[in-house]
Amino acid sequence: LIAVGRQPGQYGEHATLALANLPGATPEAQEALVAELERVGAGPRPELARGSLLEALGRMRVESAVAPAVAALRDGSEHVRNSALISLQGQGARARPHVSEVSSLFLAGSLATRIKVVNALTAMGGPEAQQELEGFAKRTDLTPSLKQTLDVALAELHRRKQPAGTPDAD
């Protein structure tokens, strides 16, 4: 699929999208997918291909994909930035060092981006992510759905902090 994905035209694009939907891959194939992130920028619809690969790599929890996902948070395409957030959400605690980069997209982001920021920070967990979410929850310009998403996220982080054996613990 990687070889076909390098071909110009619709077959290459379809192969890249098929790669992005793989449920898992060997470590060698995962690293090849990370390398493909650079190549897909030359395709006819680079945002679609980059976004799809970023999401797949996050879903597979490929550690070497964290840095490209963080770099993609600065991409000019909202689709790619949102896919990077989904990728980092999939990485969970592994992406924790990048809480500030993820949080920076909240204020200027669309509602979809803001929700993805909240979901990524919730998956990352930790005191820094919780502090960012608490700050966002204090804002007065939130839509009801975003406020509810933040309340659920903070409840989830609180639940994770409960000692084992308490009613709110896992």
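Computed over heavy atoms, backbone and side chain alike; hydrogens, waters and symmetry mates excluded.
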Exercise for the section: Name all pairs fulfilling the side-chain hydrogen bond (donor to acceptor under 3.5 Å, both in side chains) condition that reach into residues 105-121, sequence neighbours left out, sorted by first residue then second. Expected result: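 Qualifying pairs: Glu78-Ser110, Glu78-Thr113, Asn82-Thr113, Ser110-Thr113.
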
Exercise for the section: Give me the one residue out of Leu146, Val117, Leu142 that meets side chain to side chain contact (heavy atoms under 4.5 Å, CB included) with Phe136. Expected result: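 In the set Leu146, Val117, Leu142, the residue that makes a side chain to side chain contact (heavy atoms under 4.5 Å, CB included) with Phe136 is Val117.
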
Exercise for the section: Check Val99, Leu154, Thr122 against Gln130 for a side chain to side chain contact (heavy atoms under 4.5 Å, CB included) and give me the one that passes. Expected result: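 Exactly one candidate clears the test, Leu154.
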
Exercise for the section: For Arg59 and Gly90, indicate whether the former's side chain and the latter's backbone hold a donor-acceptor pair under 3.5 Å. Expected result: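 Checked: no pair found.
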
Exercise for the section: Look at the side chain of Arg96 and the backbone N and O of Gly125, then say whether any donor-acceptor pair between them is shorter than 3.5 Å. Expected result: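 A pair under 3.5 Å: yes.
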
Handout entry: 4.5 Å side-chain heavy-atom contact, Phe106 and Val118
Key =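 Phe106 reaches Val118 side chain to side chain.
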
Problem - Residues forming a side-chain contact (heavy atoms from CB on, under 4.5 Å) with Glu101, sequence neighbours excluded - result: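 With neighbours one apart ignored, the set is Val70, Leu73, His98.
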
Problem - Pairs meeting criterion ring pair (Phe, Tyr, Trp, His ring centres under 6.0 Å) with involvement of residues 107-135, two or more places apart - result: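 Sorted result for residues 107-135: empty, none.
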
Problem - ring pair (Phe, Tyr, Trp, His ring centres under 6.0 Å) pairs, two or more places apart, involving residues 47-75 - result: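 Non-adjacent pairs meeting ring pair (Phe, Tyr, Trp, His ring centres under 6.0 Å): zero.
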
Problem - Where at least one partner belongs to residues 120-136, residue pairs that pass salt bridge (Lys or Arg N to Asp or Glu O under 4.0 Å), sequence neighbours excluded - result: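 Sorted result for residues 120-136: empty, none.
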
Handout entry: Residue pair Ser87 / Glu55, side-chain donor-acceptor N/O under 3.5 Å
Key =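 The answer is no; no qualifying pair exists.
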
Exercise for the section: Check salt bridge (Lys or Arg N to Asp or Glu O under 4.0 Å) between Arg139 and all other residues, then give those that pass, not counting sequence neighbours. Expected result: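 Once residues adjacent in sequence are excluded, the partners of Arg139 under the salt bridge (Lys or Arg N to Asp or Glu O under 4.0 Å) criterion are Asp141.
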
Problem - Audit row: Ser145, Leu111, side-chain contact (heavy atoms from CB on, under 4.5 Å) steps and yes/no - result: CA-CA 9 Å; Ser145 63; Leu111 178 59; 4.1 Å; yes

